[in-house]
Amino acid sequence: MPELPEVEVVRRGLERWVVGRTIASAEVLHPRAVRRNAGSLPDRLKGRTAASVERRGKYLWLPLLDSEDITAGLDGLDGLGREVGAGEVAAGEALIAHLGMSGQLLVVDPLTPTEKHLRVRLTFTDGGPELRFVDQRTFGHLLVAPLAVRLPRPVPEPIAHIAADPLEDVFDDEEFATRLRLRRTGMPRRTEIKRALLDQSLISGVGNIYADEALWRARLHWARPTETLTTTKIAELLAAVREVMAEALEQGGTSFDSLYVNVNGESGYFDRSLAVYGRRDRPCPRCGTPIRREPFMNRSSYSCPKCQPRPRNAHP
DNA sequence: ACCGCAACCTGTACGC
DNA sequence: TGCGTACAGGTTGCGG
């Protein structure tokens, strides 16, 4: 699914409906959905309170407060204050969620009939709406893990390898431009621009839809070698990524079907504004040329043959 | 160290 | 109607 705009829509829903509530129970209906916690998830959630809802790229997490933290009036982020190692302070734990290809987090009345693909159900001590994790393909999962304070932003340990996303203040445009062309070792990076956009350790939150849409806006073919991009072109591409994501967010995200919905089960409507994705043989909104579809990484890439000519130095 | 690909799942659409 | 194939918004782990 869900790419950054769709996940942000879910984050906002959770912020409104879940923050400040204390978990009464967690029921796991499919072990694969909690595979990284192997049986311990319910015990680690019971009695804890969601302090906030954070997002980086396509990951969501809810920092968890213990009841002692609340009675002590601490903010839950650095309440324990234990030294763990150089540059890190223990900050308790967080409930992490990744929606994979088909995951949904739904806030529903407890009497709502069980969804066919319900994987985890969280109930709250106030007896109010439940939080349900529904996931047809079970590529998504929930996980409770330590939250380490790392400057400039606290992030759960299991997602320490995920780069900042382009809508975060801490995203470093210059570092991104450098890393697009150079490996950490200083050797030139040999890859194509779309592969790089989808690499969540370089820039997070971009998936197949928004990669294609941003490349179309920046007039770049997906197979363009990153080492041939100018600093100016990279800046244009980043601007296009931010622009298309901001527009999608305004419209509640992209939904081709009921698989991609907010916490209340409602679809976004940015699909009507897509220029190329899923639009093979339909006219390019800029020049009228029929959009082409090409196989790419066991998926598809959509582009305009005229606005986005295949680079001559790309592999055929 | 890096890169590209198969694997992990379920459901739908389509051609024969 | 049934069957086989292709494809779907993502991440991981492994081989080269």
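In the text below, chain A, chain B and the rest are named by the order of the sequence lines, each starting its count at 1. Quick note: numbers below take in every heavy atom, side chains included, and nothing from hydrogens, waters or symmetry partners. Since the model is a prediction, treat every value here as computed from it, not as a measurement.
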Fill in: Position toward the 5' end of DNA chain B (nearest nucleotide), A:N298 or A:T185
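First, find each residue's nearest nucleotide; the 5'-ward one identifies A:T185.
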
Fill in: Verdict with supporting geometry, A:R12 and A:E15, salt bridge (Lys or Arg N to Asp or Glu O under 4.0 Å)
CA-CA 5 Å; A:R12 292 178 183 183; A:E15 190 166 62; over 6 Å; no

Worksheet item: Parallel, tilted or perpendicular: which describes the rings of A:H98 and A:Y59, with under 30° parallel and over 60° perpendicular?
Response: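 Taking A:Y59 first and then A:H98, their aromatic rings stand perpendicular (interplane angle over 60°).
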
Does the side chain of [X] get closer than 4.0 angstrom to OP1 or OP2 of [N] through an N or O atom?
| X | N | answer |
| --- | --- | --- |
| A:H98 | C:dT12 | no |
| A:R189 | B:dA1 | no |
| A:R35 | B:dC8 | no |
| A:S102 | B:dT10 | no |

Discussion item. According to side chain to side chain donor-acceptor pair (under 3.5 Å), who are the partners of A:Y210, at least two apart in sequence or on a separate chain?
Written reply: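 Checked A:Y210 against side chain to side chain donor-acceptor pair (under 3.5 Å); matches are A:E6, A:T254.
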
Worksheet item: For the side chain of A:R137 and the base of C:dA8, is some donor closer than 3.5 Å to an acceptor across the two?
Response: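 By the distance-only test, yes, there is a pair.
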
Nearest of [options] to any side-chain atom of [X]?
| X | options | value |
| --- | --- | --- |
| A:R32 | B:dC2, C:dT12, B:dC8 | B:dC8 |
| A:S300 | B:dC2, B:dC5, C:dA8 | C:dA8 |
| A:R183 | C:dT11, B:dC5, B:dC3 | B:dC3 |
| A:R184 | B:dC2, C:dT12, C:dC7 | B:dC2 |

Between [atom2] on [N] and [atom1] on [X], what's the gap in Å once rounded to a whole number?
| X | N | atom1 | atom2 | value |
| --- | --- | --- | --- | --- |
| A:L4 | C:dT11 | CG | P | 11 Å |
| A:M297 | B:dC8 | CE | C1' | 15 Å |
| A:L60 | C:dT11 | CG | P | 12 Å |
| A:I96 | C:dT11 | CD1 | C1' | 14 Å |
| A:I193 | B:dG4 | CD1 | P | 13 Å |
| A:Q104 | C:dA8 | CD | P | 20 Å |
| A:I209 | C:dC7 | CD1 | C1' | 14 Å |

Give me the distance, rounded to whole Å, that separates [N] from [M] when you measure between the [atom1] atoms they each carry.
| N | M | atom1 | answer |
| --- | --- | --- | --- |
| C:dC14 | B:dC9 | P | 15 Å |
| B:dG11 | C:dT12 | C1' | 23 Å |
| C:dA6 | B:dA6 | P | 14 Å |

Under 4.0 Å between any heavy atoms, over every strand shown, what does [X] touch: base, sugar-phosphate, or nothing? Just pick one.
| X | value |
| --- | --- |
| A:F270 | nothing |
| A:H161 | sugar-phosphate |
| A:D135 | nothing |
| A:Y210 | nothing |

Fill in: Distance in Å, A:L4 CG paired with A:I209 CD1, rounded so as to fall on 0.5 Å steps
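Going from CG on A:L4 over to CD1 on A:I209, the span is 12.5 Å.
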
Discussion item. Nearest 0.5 angstrom please: A:R55 CZ to A:L167 CG, how far?
Written reply: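 Going from the CZ atom of A:R55 to the CG atom of A:L167 covers 6.0 Å.
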
Worksheet item: Is the NZ or CZ atom of A:R21 both under 6.0 Å from the centre of the six-membered ring of A:F124 and within 45° of that ring's axis?
Response: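 Pair A:R21/A:F124 counts as cation-pi.
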
Worksheet entry | Quiz item: cation-pi between A:R286 and A:W216, 6.0 Å / 45° |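 Yes, cation above the ring, under 6.0 Å and within 45°.
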
Discussion item. Would you say that more than 12 heavy atoms from the other residues, nucleotides or ligands in this model lie under 6.0 Å from the NZ of A:K233, or not?
Written reply: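 More than 12 within 6.0 Å, yes.
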
Identify all pairs in which a protein N or O lies below 3.5 Å from an N or O of nucleotides 11-15 of chain B, and state each distance.
| unit_1 | atom_1 | unit_2 | atom_2 | d |
| --- | --- | --- | --- | --- |
| B:dG11 | OP1 | A:K116 | NZ | 3.1 |
| B:dG11 | OP1 | A:H117 | NE2 | 3.0 |
| B:dG11 | O4' | A:Q136 | OE1 | 3.3 |

Worksheet entry | Sub-4.5 Å side-chain heavy-atom contact between A:T123 and A:S25 |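 In short, these two side chains touch, coming nearer than 4.5 Å.
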
Worksheet item: Going by 5.5 Å between centroids and 30° between planes, is there a stack of A:F139 over B:dC9?
Response: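 Taking the rule of under 5.5 Å and under 30°, the ring of A:F139 does not stack on B:dC9.
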
Worksheet item: With both distances kept under 3.5 Å, what pairs with B:dC9, Watson-Crick or G-U wobble?
Response: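 The answer is none; no pair meets the criterion.
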
Worksheet item: Who does C:dT1 pair with, Watson-Crick or G-U, both distances under 3.5 Å?
Response: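 Matched C:dT1 with nothing under the 3.5 Å cut-off.
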
